[in-house]
Amino acid sequence: MTSRVVSSPGGASLNGSAILSNGSPGLLRKANPTHSGKLLQKQPIDASLDPEALFCQYTVIEVKAIENRLRADADAKQEELRIMVGERYRDLLQASTSIIDISDSSKRVIATLANTISSIQSQEAPSDTRRTSNQDEGVKLLLDAPEHLWRFIEGKKFLVASWLFQLSSVVHQALLNSIEEENDWADCGIDTVQQFPLIERQWDVVKQFRQQIVQKATIGLRDFDASPENTCATLLTLHLLDRKPLGDTFAAALQERARAMQGRLAWQPTESSQESGHVKETSKSSVFRRVPVRAIQDATISALSGIASTLLTLRTIFEENGESSPLIVRVLEFIQTGSTSSSLPEELRITTATLLSTLPSSSQLMMLPETLRAYKPHINATSLSTLSQTQFSHKLDGWLGKACQGLEVRLEDWFEELQSLREVWHIRTAVNRWLLSSKGLRVKELEQLRSLLEDACRQRVVAIWKTMLTEAKDNFEQELSSAVKDIRAGLEATTQDCSPVEFMFSTPSMPIASHSFSIVSDASFQKYQTALQKQLSGRSVMFDKVLNALETCARSLKQDLAFVESDTDSDEGVPAIQFNKVYRPEADTLCNGVAGILAGASEQAHYLSSHSSFILDLGCDDKTALDFRKRTLITFNQTIDRWREHTLAIVLPRHLNLARSSPVTETEPSHAMSCWLFDLGREVEMLALGRDARQREPIVARLVSEFISSLLAAEERLSSIDLATLKKLATIVCRDDTTVQQGLDERISQFERMSENTDSLVDAYLARTQLLLAGLLPYPNDSREKGLDTLGLLLPYGAPSTDQQYQPAFETSRSSRFGLLLVDTSIVR
């Protein structure tokens, strides 16, 4: 039984109608529109479903729902298509145009291939297969030429590269123009230009190498390390490829070598990693160096090697050797005639055959026509005689003169970094040895370069010495001014400098063994010995510092001159004589300057003129040294005169009141007389005249003489024993001053009676006070000759008697608390 849906004429389903459920007959169900619509929205609908089957399966309401759903899907698809067409309209048009063009191109290619096949089939075979093969070798040479040219240029084989370039040019012309019957490609039925456009294009690539070869060859002339043969090949490249005559080629070589020399001379000293932060010092050695000496030496030798290499290379190439022609002329003759010469280097014997045999495809290229394999570059016969030997020598000498001028300027700049004579001499010795061992320099040129080096070294050494002398003078003046300022300020550090006795008896530090080694080093003993020597000579710390400013400089200059004189590599005495000529005026200037500075410093002036090694080490002129000693002696004497006047003006009035108030005794000198003599001795000791009796005794004698004369002129009351003491002192100290002794005799004669033991009392007094009066009493010259014992040497005026009761030289108080407290000088015993 088949169930059908009874519809109204309007298409609506009848109420109460029933359909078979699940296709099972006899089962009727009532349509539920809401439930059917939900099911239809969830399940997919096949658009290709037959309407009859659709109406059989669904109700009318469900069919309408399906219809609405299909209409909505169709509208959505239509809207999507409309959007896609609107956005990609241009792409669609372009794609359609491209498709049409591809179709047209494909048709034209098919037609061209068909025509090509027909043309090939209609041609006849060439009658000579060898001519086609020759054409293949020519094309092969053009194709391989760029690679080979690059290889030759990188290997600096410029002559081979130029030869290959010219051969490629000839092959190109042969392929295009058929210049010889053997290479007439037109007879073979081949139009080279039309059939082989690759030839013209490849030649466009190859011809660009002409400028590169010329440029690289010109730059290659700057290579100082190139052998004469390689340089000759480079010059031949310019001559053959750039069409330069030999004279212009030689001028180009000089020009390029001059540029290369400028590059070497442009070297600038740079700070090394281990020497950065150096402050330049000329006269003082420093751990840090701005520029290593080896770098300056290498730069100098590099510049000189460039000059020597240029002279040797150009003479080998352009200069005639006896009856033999210059090398470049012989190579040109070989290229022109092909005649072999045993004297011609192998690398300059170049032919087209040897060139082709070195190429990777030599077996194929050797099948080129005979005219191409026998190709030779064109050589102008007039170019062989365009450079005369006179012109060559003149131009080469001019180039050498300009190179020496540039080197002279640069050596002056480079040597400014050298700080001592030994550094300059080290470079001078190394460069001279290199010059003597170098090749290519003639005697005149060698002497010219050595003279240039000597001048540069001498100027730098003189500049170093001038700087050292100037700095020594400035340092000396500064140290002297600082010392005077410190002494006047009364600083504690100047105590020993103001007290020679205290400095003499001070104890220098003893050498002590270190913790790691139990043995004391020699340096410690040497330091201790030096301290003792300075102590004995009276060179205190400040005094030594002032003198060291000059002595160190003079000692260093003396060592420099001795080093120059001991140089065995130099001509005998020549450098030393030259240096002395320019050095001595500067040394004389320093002496005059120091003498002017010492106008107010007697101690330093006397020490420098008599005891210091400054004048001897400085090596100034004898006349200047004598004048320096005279000027310093005058300064010393003037200062001693002022000191003597100052001393007497202070010492005499100091004890006049004591002399007038003291009771007169006949057993020993008065207290005032002892004080006067003690003060004079102390002032002499403070003067620090040293142990030189010849210099010390005249000063003390004049001081004592003027003291006695002033004391006698003052008409002060003096006892007979005071006068006897002065008489004894004048006899010992002022033996040659008869005026003083006569004055004393006249004063002594005023006494009616002198004690018989006055002389013995005076001798006992001197024996008792000889250590206190050591500054006044001279040391007897015959003390050692008498064979005195140790005590006699220490007490040359006799040992004091031990039987006498001790009489203190000063009055002391009787306080139990201050047993040795000095009382006022006006209180006497």
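One-based numbering along the sequence shown. Here the structure is a predicted model, which is why all the values come from computation and not from measurement.
- Between the CZ atom of Phe250 and the CG atom of Leu238 there is a distance of 14.0 Å, given to the nearest 0.5 Å.
- Thr237 places no side-chain N or O within donor-acceptor distance of the main-chain N or O of Ser162, the cut-off being under 3.5 Å.
- Residue Arg243 qualifies as enclosed at atom CZ: its count of foreign heavy atoms under 6.0 Å is above 12.
- Under the 4.0 Å criterion applied to side-chain N and carboxylate O atoms, Arg201 and Asp204 are not assigned as salt-bridge partners.
- Every residue two or more places apart in sequence or in another chain that forms a side-chain hydrogen bond (donor to acceptor under 3.5 Å, both in side chains) with Thr354 is listed here: Thr351.
- Annotation for Ala253 and Leu314: closest pair CB-CD2, 4.0 Å, computed over non-hydrogen atoms.
- You'll find the side chain of Val171 stays beyond 4.5 Å of the side chain of Trp203, heavy atoms only.
- Atom NE2 in His172 sits 7.0 Å away from atom CG in Leu142 (nearest 0.5 Å).
- Two residues are said to be in side-chain contact when any heavy atoms from C-beta on lie closer than 4.5 Å; Leu348 and Leu327 meet this criterion.
- Across all non-hydrogen atoms, the minimal contact from Leu453 to Phe415 is CD1-CZ, 4.3 Å.
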- Message: With side-chain contact (heavy atoms from CB on, under 4.5 Å) as the criterion, how do Leu449 and Cys404 come out once you've worked through the C-alpha distance, each side chain's angles and the decisive distance to 0.1 Å?
- Response: CA-CA 8 Å; Leu449 294 178; Cys404 290; 3.7 Å; yes
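- For the pair Arg210 and Phe165, the NZ or CZ position fails the cation-pi test of under 6.0 Å to the six-membered ring centre and within 45 degrees of the ring normal.
- Taking each heavy atom of Thr352 and Leu372 in turn, the nearest pair found is CG2-O, 3.5 Å.
- Under a 3.5 Å cut-off, the side chain of Ser393 and the backbone N or O of Gln389 do form a donor-acceptor pair.
- The nearest pair of heavy atoms linking Val331 to Cys232 is CG2-SG, 4.4 Å.
- Each of Thr358, Asp144, Leu149 was checked for a side-chain contact (heavy atoms from CB on, under 4.5 Å) with Leu164, and the lone residue meeting it is Leu149.
- Under a 3.5 Å cut-off, the side chain of Trp267 and the backbone N or O of Ala299 do not form any donor-acceptor pair.
- The line from CG of Leu311 to CD of Glu445 is 5.0 Å long, rounded to the nearest 0.5 Å.
- Annotation for Ala161 and Phe152: closest pair CB-CB, 3.8 Å, computed over non-hydrogen atoms.
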- Should Leu254 and Leu396 be marked as a side-chain contact (heavy atoms from CB on, under 4.5 Å) after you check the CA-CA gap, both sets of side-chain angles, and the distance that decides it? CA-CA 8 Å; Leu254 292 179; Leu396 191 62; 4.1 Å; yes
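- Under the 6.0 Å distance and 45° angle rule, Arg422 does not count as a cation-pi partner of Trp425.
- Looking at Ile153 and Phe209, their side chains come closer than 4.5 Å, going by heavy atoms from C-beta outward.
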- Message: If you apply the rule side-chain contact (heavy atoms from CB on, under 4.5 Å), what do you find for His239 with Leu332, and how did you get there?
- Response: CA-CA 10 Å; His239 177 70; Leu332 291 175; 3.7 Å; yes
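- Between Glu412 and Arg460, no side-chain nitrogen of the basic residue sits less than 4.0 Å from a carboxylate oxygen of the acidic one, so the salt-bridge criterion is not met.
- Pairs engaging residues 255-268 under the salt bridge (charged side-chain N to carboxylate O under 4.0 Å, His left out) rule: Arg222-Glu256, Glu256-Arg259 [sequence neighbours left out].
- Salt bridge absent: Glu333 and Arg330 never bring a charged side-chain N and a carboxylate O closer than 4.0 Å.
- With rounding to the nearest 0.5 Å, the separation of CZ in Arg373 from OG in Ser357 is 12.0 Å.
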- Can you list the steps and then say if Met261 with Trp399 is a side-chain contact (heavy atoms from CB on, under 4.5 Å)? CA-CA 11 Å; Met261 277 298 300; Trp399 182 90; 3.9 Å; yes
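- The neighbour count for Lys376 NZ, taken as heavy atoms of other residues, nucleotides or ligands under 6.0 Å away, is above 12.
- Look at Glu447 and Lys444 and you find no salt bridge, because none of the NZ, NE, NH1 or NH2 atoms lies under 4.0 Å from a carboxylate O.
- Counting all heavy atoms, side chain and backbone alike, Trp163 lies closest to Ile350 at CH2-O, 3.2 Å.
- Side chains of Asp223 and Asn230 form no contact here, defined as non-hydrogen atoms less than 4.5 Å apart.
- Expressed to the nearest 0.5 Å, how far CG of Leu167 lies from NE2 of His148 amounts to 11.0 Å.
- By the 4.5 Å heavy-atom criterion applied to side chains, Phe158 and Leu241 are not counted as neighbours.
- Between Leu452 and Gln448 the shortest side-chain heavy-atom distance does not fall below 4.5 Å.
- By the 4.5 Å heavy-atom criterion applied to side chains, Thr470 and Asp474 are counted as neighbours.
- Note: Ile296 CD1 to Ile301 CD1 = 12.5 Å, rounded to the nearest 0.5 Å.
- No side-chain heavy atom of Leu411 sits under 4.5 Å from any side-chain heavy atom of Asp455.
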